S.K.: 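Sending over a structure as structure tokens; questions will come in a sec.
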Protein chains: 2
Amino acid sequence: MNKQKVLLVDDEQDILDLIGFNLEKEGFEVFTANNGRDGLELARKNNPDLVLLDVMMPGMDGMETCRELRDDDNLKNVLIAFLTARNEDYSQIAGFDAGADDYIAKPIKPRVLVSRVKALLRRNSGAEIEVKEAPSHGIVIDKERYVVFKEGVQLNLPKKEFELLALLTSAPGRVFTRETILANVWGNDVIVGDRTIDVHIRKLREKLGDDNFKTVKGVGYKFEP
Amino acid sequence: MNKQKVLLVDDEQDILDLIGFNLEKEGFEVFTANNGRDGLELARKNNPDLVLLDVMMPGMDGMETCRELRDDDNLKNVLIAFLTARNEDYSQIAGFDAGADDYIAKPIKPRVLVSRVKALLRRNSGAEIEVKEAPSHGIVIDKERYVVFKEGVQLNLPKKEFELLALLTSAPGRVFTRETILANVWGNDVIVGDRTIDVHIRKLREKLGDDNFKTVKGVGYKFEP
DNA sequence: AGCTAAGGTTAATAAACCCTTAATGCTAGG
DNA sequence: CCTAGCATTAAGGGTTTATTAACCTTAGCT
């Protein structure tokens, strides 16, 4: 697997060095820029998986940079996280709708930041759920809002149901073994009985329609529109 | 496209120089006056797109100047923003309705001011609406003055409540995890219990309406108009 | 400094909700 | 028609959140 690319944009060289060093140590490929314009250029050239943007920068600030990124067809879906300084005028950072995926408050301990970065990338690499385009089956999953739409009707699913659904729909038609389901939704160190899965499947069937969830006896379950 | 014209009126020469310089650097055509009367005259001669008015000035103050501008047929639609000192007595300008389009609190960092100015001009060039008229949910947040309006009624929220609200409303509908909330409102090195968030959420619900804040169990909270 | 009031945090209890399991019924394939 | 595997239901237990009130800290005033 290729290294994942992170673009880091901040006007303080210290920050670039510190965070950059720590991210590289963790196996990321890191690009740095100390202003929005250079950041944009680097982003266009290298197609990063994640952009960490300082909000407050001279010249083009983080929000402006974010907007420009979102305007670029090749980059509009890149992950963007804002670095926000809490001691700075907080008023400037909120209320914008530039399309950030996360906020990360400074100051932050390097290892905390690294784990946030990993979490962000994991969220997006694992189960790739389309939010924008409504798939043909009429079920849309919005992970950001933790909300599911069934033919336009909004449903609020509990966490486990939501995650199970997200898993199954991440590869429609594919059979997920009970083992796989347990590992992904419950985690490897949690021990629950097999019936637990059944019950959650049933709830999904109840809420989203029986026909969408097929049982493959002795193997597992699959989502099929 | 022609340069956009900004008229700057303040009795302090330092301010005129500093702000004027920064606006010019960003490509605006800047006129300055150090009192209301000269400001009016300049406005009539040059037809600026935006007037930045200091509230406190000897002689004709900002409010008076503003009224006169609004009385002038050629200028009644010009954008006007007041420069107000943060520690000034707001009661003077609170119920004031001379027709300002924005308040900008001093002291303000030049780059912040520039982006405010741009936002103002952008607002007026393209579409209209907003800020006063508010997003659809009827809750307006004035981060500059740490004040919130709920359906036109002014609320003074304490700092933590305000920042929590600002965070949640910065991306309506989106779920913020407790972790993210803590990082952004409290900071990464402050340690507080989870119940603290609950309590602040409750206060917001009390003041702004229960329905606007939704709990996503096991995940976090979201603001939803 | 001392006083007062407001903001912020926590503890404690109650309530809501979700997860899990047990118990029982069902179905398909041998 | 027997059995392994799945479906269904409801209840219990446990976890997460709501709510309230007390406590501590801080800011503003005198």
Side-chain angles (χ1 to χ4, degrees), chain A residues 86 90 146-148 155-168 175-187 189-224, chain B residues 86-91 146-148 155-168 175-187 189-224:
Chain A
R86 277 190 22 82
Y90 183 88
Y146 251 82
V147 153
V148 175
L155 298 175
N156 286 298
L157 300 186
K159 194 179 173 194
K160 282 281 188 292
E161 288 171 39
F162 186 88
E163 289 178 354
L164 176 56
L165 176 65
L167 177 66
L168 292 178
V175 180
F176 289 83
T177 65
R178 285 166 179 278
E179 207 176 294
T180 304
I181 292 173
L182 282 180
N184 283 285
V185 177
W186 275 263
D189 28 54
V190 181
I191 300 170
V192 294
D194 265 8
R195 291 309 114 240
T196 300
I197 297 178
D198 301 26
V199 172
H200 281 90
I201 288 285
R202 190 191 151 277
K203 288 179 180 161
L204 288 180
R205 284 176 169 155
E206 214 168 57
K207 293 173 182 171
L208 294 167
D210 277 26
D211 306 335
N212 292 320
F213 303 91
K214 299 213 168 147
T215 304
V216 183
K217 261 188 129 172
V219 186
Y221 296 94
K222 65 177 168 178
F223 173 81
E224 209 153 29
Chain B
R86 212 185 258 285
N87 293 330
E88 221 158 13
D89 186 1
Y90 283 124
S91 60
Y146 259 82
V147 156
V148 174
L155 298 175
N156 284 297
L157 298 186
K159 190 177 172 196
K160 283 282 188 288
E161 286 171 41
F162 185 89
E163 292 186 352
L164 176 57
L165 176 67
L167 178 65
L168 292 179
V175 178
F176 289 83
T177 64
R178 284 168 181 277
E179 194 185 11
T180 302
I181 292 173
L182 282 180
N184 284 286
V185 177
W186 276 264
D189 28 52
V190 181
I191 299 170
V192 294
D194 265 8
R195 290 310 114 240
T196 300
I197 297 178
D198 302 27
V199 172
H200 281 89
I201 288 283
R202 187 183 154 283
K203 289 179 180 162
L204 287 179
R205 283 178 169 154
E206 217 167 55
K207 293 175 182 170
L208 294 167
D210 276 27
D211 305 335
N212 292 320
F213 303 90
K214 296 209 170 151
T215 304
V216 182
K217 249 191 144 170
V219 186
Y221 294 94
K222 64 179 165 178
F223 172 80
E224 209 155 31

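Residue numbering restarts at 1 for every chain, and letters A, B, ... go by the order of the sequence lines. Every value quoted in this text rests on a predicted model; they were computed, and no experiment measured them.
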S.K.: Atom CD of residue position E206(B) - does it have more than 12 heavy atoms of other residues, nucleotides or ligands inside 6.0 Å?
M.R.: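 Yes, the 6.0 Å shell around CD holds more than 12 heavy atoms from other groups.
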S.K.: Rounded to the nearest 0.5 Å, what separates atom NE2 in H200(A) from atom CG in L165(A)?
M.R.: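 The distance works out to 12.0 Å.
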S.K.: Please name the residue in the list V175(A), T180(A), D198(A) that meets the side chain to side chain contact (heavy atoms under 4.5 Å, CB included) test with Y221(A).
M.R.: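 Going through the options one by one, the only one that passes is D198(A).
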S.K.: To the nearest 0.5 Å, what is the distance between OG1 (T196(A)) and CG (L182(A))?
M.R.: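 These two atoms lie 8.0 Å from each other.
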S.K.: Have a look at Y221(B) and say if it touches a base, only the backbone sugar-phosphate, or nothing, with a 4.0 Å heavy-atom cut-off.
M.R.: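 Touches sugar-phosphate only.
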S.K.: Got a second to check how far E161(B)'s CD is from L208(B)'s CG, nearest 0.5 Å?
M.R.: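 One finds 9.0 Å between CD of E161(B) and CG of L208(B).
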S.K.: Quick check on DNA chain D: between V219(A) and E206(B), whose nearest nucleotide comes earlier from the 5' end?
M.R.: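 On the 5' side of the pair lies V219(A).
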S.K.: Using only atom types and a distance under 3.5 Å, with no angle test, would you say the side chain of R178(B) pairs donor to acceptor with the backbone of I197(B)?
M.R.: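 It does not hold such a pair.
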S.K.: Would you say NZ of K214(A) has more than 12 non-hydrogen atoms from neighbouring residues, nucleotides or ligands within 6.0 angstrom?
M.R.: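 For K214(A), atom NZ is not crowded (no more than 12 foreign heavy atoms under 6.0 Å).
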S.K.: Rounded to the nearest 0.5 Å, what separates atom NZ in K159(B) from atom CG in L164(B)?
M.R.: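 K159(B) atom NZ to L164(B) atom CG measures 13.5 Å (nearest 0.5 Å).
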S.K.: Using atom CG of D198(B) as one end and atom P of dG8(C) as the other, report the distance to the nearest whole Å.
M.R.: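 After rounding, the reported distance stands at 16 Å.
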S.K.: So if I define the base as every atom that isn't primed, P, OP1 or OP2, how would nucleotides 17-28 of chain C read as a B/S/- string at a heavy-atom cutoff under 4.0 Å?
M.R.: BSBBB-----BS
S.K.: Which is the 5'-most and which the 3'-most nucleotide of DNA chain D that has an atom under 4.0 Å from a heavy atom of chain B?
M.R.: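 From 5' to 3', the first and last contacting nucleotides are dT16(D) to dT20(D).
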S.K.: Please round to 10 degrees the angle between the axis of the first five pairs and the axis of the last five pairs in the helix from dA1(C)-dT30(D) to dG30(C)-dC1(D).
M.R.: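 The angle, to the nearest 10 degrees, is 30°.
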S.K.: Calculate, to the nearest 0.5 Å, the distance between atoms CZ and CG belonging to F213(A) and L168(A) respectively.
M.R.: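 Answer for the CZ-CG pair, F213(A) versus L168(A), is 6.5 Å.
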S.K.: Between atom CZ of F162(B) and atom CG of L204(B), what is the distance when rounded to the nearest 0.5 Å?
M.R.: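 Rounded to the nearest 0.5 Å, the CZ-CG separation comes to 11.0 Å.
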S.K.: What integer distance in Å separates L155(B):CG from dG7(C):P?
M.R.: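 Taking atom P of dG7(C) as the reference, CG of L155(B) is at 12 Å.
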